[in-house]
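Every chain is numbered from 1 and lettered A, B, ... according to where its sequence line falls, protein lines coming before strand lines. Computed from a predicted model, the values in this text were never measured in an experiment.
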Amino acid sequence: MNFLDVLLAGATLGGLYGLVAMGLTLQYGVARIMNLSYGEFLIAPAFLTYVLVSQFGLSPLWVLVLAIPLGFAVQWLVYQLLLTPLVRRTGAGPALEVDSILATFGLLFVVQGAMLVVFGGNYYSYEYLSVPIHVLGSTVAANRLLVLVVAVLVGGGLYALLTRTRMGTVVRAVSVAPRFAQLVGINVRQTSALAFGMGGALVAVSGVLVSMFLPFSASMGTMFAMKALIVVIMGGVGNLMGCLMAGLLLGFAETLVASFVDPGLTLAVNFGLFLLVLLFRPTGLFGKAAR
Amino acid sequence: MHADTKRFWLKHAAVAAMVACGLPLAQAQDAPKSVRIGWAIAKTGPNAGGTATTVTPNYEMWVKEINAAGGLMLKAYGKRVPIEVVEYDDRSSSEEAVRATERLMTQDKVDFVLPPWGTANNLAVGPTYEKHKYPLLAVNSVTDKAPDLVKRWKHAFFFLGTGTQYAEALVSYLEEAKKAGKIGDKIAMVNIADGFGVELANAARKAAAKHGFTLVYDKSYPIGTQDMTPILNEVKGKGADTFIAFSYPPDTFLITDQSKVLGLNPKVMFLGVGSQFPMYKQKFGASAEGIMGPGGVDFDSPAIKDYFQRHVASSKQEPDRFASTVQYAALQVLQQAIEKVGKIDRAAVTNEIRTGSFDTILGPVKLENQLFNNLWWVGQWQNGEFYGVAPSAKKGAKPALLPKPAWKN
C-alpha cells in the first residue's frame with residue numbers, strides 16, 4: 001500500500017469525523033447543551049435524502065442545499081421549545097448540563113422511535129457519486145472526497161465567520177463568558193439558539209453526505225454521536241479548527257494502523273489517543289485552560 | 001350449611017354424569033382463549049437491521065396468516081384458537097434479551113417464546129429457555145458449538161448450521177475450481193470481530209489449510225468500521241484470486257461499494273450477512289452479479305415462489321435469501337408440532353419438534369440431533385437472483401459463475 005493511498009484514505013475518513021463533530025462542538029461549546037440526540041439528527045436527514053433521491057429522483061446535492069436551512073430551523077426550534085425552559089430554570093448554571101443531557105436523551109428516543117415507525121429497523125442505502133477519482137496513481141471515491149472538501153470549506157468558512165465578523169465575536173463571547181456577555185448587551189439566549197441552530201445545519205449537512213456512502217438505519221445515530229463526542233473533547237470543546245484537526249488525527253491514526261499494523265486495532269487506537277489527550281491535555285488539543 | 005351441602009352434591013353429581021356420558025375432560029374444561037406467543041427481539045440497536053430484514057416480517061406474517069385462518073387447530077378441544085402476541089424490544093443487548101425472555105416466561109406466562117436475531121443473543125437466551133423448558137428455535141444463529149450445546153440444552157434446536165459447514169462447503173467448492181485450473185491457491189480473508197465473523201473465520205482458516213490454500217491476508221476489523229479502503233488496498237496488492245469477507249450487513253455494503261471504486265475484482269468474492277438482502281440487489285443491481293454469500297434459494301420451487309409473494313404482500317419487502325426462508329420454515333415446524341400435539345403441552349411439543357417430520361416451504365424438514373442440516377451453504381447472484389450453488393448435489397442447485405464478472409456502473 002503506497003503512502004498516498006494512506007494519506008487519501010486517512011484524510012477522507014478524518015474529514016468525515018471532523019465534519020460530523022463540528023455541529024456538536026458549536027452546540028456544546030456555545031449553547032452549553034450536551035445534545036445526546038445529535039446522532040438522530042444526523043440520521044433523519046439521511047432518511048430524508050433517501051426518500052427524496054429514490055422517490056423523487058432529486059440529486060443529493062440539492063438535498064444538501066436544502067439541509068442547511070432545514071437543519072437550522074429544526075434545531076433552533078428544539079432549542080426554543082425544549083431547551084429554553086431548562087435554561088431559564090437553571091439560570092444557565094452547571095445544572096443546565098445535567099438537565100439538558102436528560103432532556104436530549106429523551107429526545108433521542110422520540111426521534112429514533114419516530115424513524116423506526118416510519119422506516120423500520122432496516123438498512124438503507126443508495127448509489128451516488130460512487131465513482132473512482134484517480135489522484136496521482138491512487139484511487140478515492142468521489143463521494144468521500146466530497147466530504148473532505150465540504151469539511152474543509154465549512155470548517156474554514158465558519159472559522160472565518162467566527163473570527164472575522166461581529167456576529168462571530170458575539171458567539172465567541174457567549175462561548176467564553178456567558179455570564180459576562182450580557183453585561184455588554186449581548187442577548188445570550190438568542191445567541192445560544194443561533195449557535196444551536198448552526199450546529200443543526202452542520203449535522204444535517206453531514207447526514208446528507210454520510211447517506212451518500214454509508215448504509216444507515218434508524219438505530220445508528222448513537223454510534224455517530226459517540227464518535228462526535230470523542231472528537232469534540234479531543235479538539236477542545238467549542239473549537240471548530242480543533243474539531244477538524246482532531247477528526248483528521250483520528251482518521252489518519254485509524255488508517256495508518258489499519259494499513260500497517262492490523263485493522264482489528266482501529267478502535268483501540270481511537271480510544272488510546274482519546275485517553276492520551278485526556279491525560280496530558282484535559283481541555284483538548286486546542287482547548288484553553290479551564291474556565 | 002344445608003344449601004352448601006346441597007350444592008356440593010349437585011356439582012359432583014354433574015361431574016359424575018359427564019364422566020359417565022363419556023365426555024372427554026378436556027372438552028369439559030374451556031379451551032384457552034388464545035395461544036400466547038412472546039418474543040423479545042431487537043427493534044433498536046445494532047441488531048435492528050438484521051432483525052427487521054429476517055425476523056420481524058416472518059413472525060408477523062406467520063401470526064397474521066394463522067389468525068386469518070381462525071388460529072392454531074387444537075384438536076384436544078376440537079377448535080381453532082387464535083394467537084396472541086406479547087412483544088418486547090431487547091435493544092440488541094444480551095442482558096436485555098435474557099431479562100425480557102425471563103419475563104415472558106415467568107410474568108407474562110406465554111405459551112411459547114420466539115428467539116432474537118444473532119448468534120450472540122441466541123446463545124445468551126439459551127439457558128433461560130432450558131431452565132423454563134421452552135423450545136428454542138434458534139434460526140439466526142451460526143455456531144460450531146451447536147452439536148455440543150444441544151447435548152446440554154435439550155430444548156434447543158439450531159436451524160442454520162455451523163460455521164464449519166459453511167466454510168467447508170465454500171472451500172471445497174474453491175478446491176474444485178482450483179483443480180479445474182480456474183483459480184490459484186491464494187485466499188485473502190477478513191472478518192468482523194464479532195460472533196458470526198469470528199466463528200466463520202476460524203472454521204475457514206482450518207478448511208483452507210485442509211484443502212491446500214494459503215491465506216495471504218487474514219485480519220479482523222471492529223464493528224462500526226466506516227472505511228474499508230486500507231483493507232481493500234492491502235488485499236488488492238496480495239494477488240489472491242479469492243476474497244472472503246465474513247461481514248455484517250453495513251460492512252458488506254461498504255466492502256462492495258469500495259471494492260467497486262478501488263477496482264478490486266477478484267475471481268471469487270464471498271461476502272457475509274447482507275449480501276443476500278433485498279436492499280443489496282436494489283443498491284448494486286447488475287454489479288451484484290457473481291457475488292457469493294452464505295445461503296441461497298431454490299427459485300424453481302413453487303412453495304418458495306408462493307412464500308416470496310406472501311412475504312412481499314405482508315410486509316411490503318422481499319425476504320432475504322439466507323435465513324428468511326429457514327426462519328419461516330422453523331415457524332411452520334412449531335405450528336405443525338403444536339397442532340399435532342393438539343394442546344398447549346410444551347414438553348410434548350418439544351418432543352414432537354425433536355422427532356417429528358414437517359412439511360415446510362423448504363420441503364420436508366426433519367431435525368437430526370436437534371440440528372437442521374439440509375441447507376444452502378453458498379449462494380450466488382446470477383441474473384438478479386441469489387441462487388443456491390453449494391452443495392451442488394442439492395435439488396435446485398445452479399452451477400456457479402466463475403470468474404466473477406467485472407463491476408458494472
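The side-chain hydrogen bond (donor to acceptor under 3.5 Å, both in side chains) check on Q27(A) picks up N35(A), with sequence neighbours excluded.
The candidate with the highest count of non-hydrogen atom pairs below 4.5 Å against chain B, out of V257(A), L256(A), L13(A), I133(A), is L13(A). With chain A as the partner, the residue from A193(B), S220(B), G237(B), P46(B) showing the most heavy-atom pairs under 4.5 Å is S220(B). In terms of heavy-atom pairs under 4.5 angstrom with chain A, the leader among G45(B), G274(B), P250(B) is P250(B). Between chain B and the residues G264(A), A268(A), G120(A), the most heavy-atom pairs under 4.5 angstrom are made by G264(A). The choice from R144(A), H134(A), M220(A) that makes the most heavy-atom pairs within less than 4.5 Å of chain B is R144(A). When each of D262(A), L267(A), V140(A), T266(A) is scored by its heavy-atom pairs under 4.5 Å with chain B, the top score falls to D262(A).
The number of heavy atoms from other shown groups lying within 6.0 Å of NZ (K404(B)) is above 12. Annotation: K281(B), atom NZ; neighbour count of heavy atoms from other residues, nucleotides and ligands within 6.0 Å is above 12. Annotation for R310(B): atom CZ counts as buried by contact number, over 12 foreign heavy atoms lying within 6.0 Å. Counting heavy atoms of neighbouring residues, nucleotides and ligands inside a 6.0 Å radius, atom NZ of K408(B) exceeds 12 of them.
Counting heavy atoms from C-beta on, the side chains of F213(A) and Q226(B) never come closer than 4.5 Å.
Interface remark: L265(A) contributes no atoms to any contact with chain B (heavy atom separation under 4.5 Å). Contact of Y280(B) with chain A is not made at all, since no heavy-atom distance falls under 4.5 Å. Only the side chain of L116(A) comes within less than 4.5 Å of a heavy atom in chain B; its backbone stays farther off. Neither the backbone nor the side chain of S217(A) has a heavy atom closer than 4.5 Å to any heavy atom of chain B. If you measure heavy-atom distances from Y123(A) to chain B, the contacts under 4.5 Å come from both the backbone and the side chain. Residue A218(A): no heavy atom, backbone or side chain, is found under 4.5 Å from chain B.
Panel note: side chain K283(B), backbone S125(A); no donor-acceptor pair is recorded below 3.5 Å.
Separating the OG1 atom in T139(A) from the CG atom in L262(B) is a distance of 6.0 Å, to the nearest 0.5 Å. For the atom pair N233(B) CG and T255(A) OG1, the distance stands at 10.5 Å (nearest 0.5 Å). To the nearest 0.5 angstrom, D227(B) atom CG is 9.0 Å from L16(A) atom CG.
Residues P263(A) and P222(B) share a closest heavy-atom pair of O-CD, 3.2 Å. The nearest pair of heavy atoms linking Y50(A) to M279(B) is OH-CE, 3.9 Å.
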Expected list for residues 224-231 of chain A: side-chain donor-acceptor pairs under 3.5 angstrom, two or more places apart:
unit_1	atom_1	unit_2	atom_2	d
K227(A)	NZ	Y17(A)	OH	3.2
K227(A)	NZ	E254(A)	OE2	3.1

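Of all residues spanning residues 251-261 of chain B, those with a heavy atom less than 4.5 Å away from chain A's heavy atoms are F253(B), L254(B), D257(B), Q258(B), K260(B), V261(B), arranged by number. Listed by sequence position, A48(B), G49(B), G50(B), A52(B), T53(B) are the residues of residues 47-57 of chain B in contact with chain A, using a 4.5 angstrom heavy-atom cutoff.
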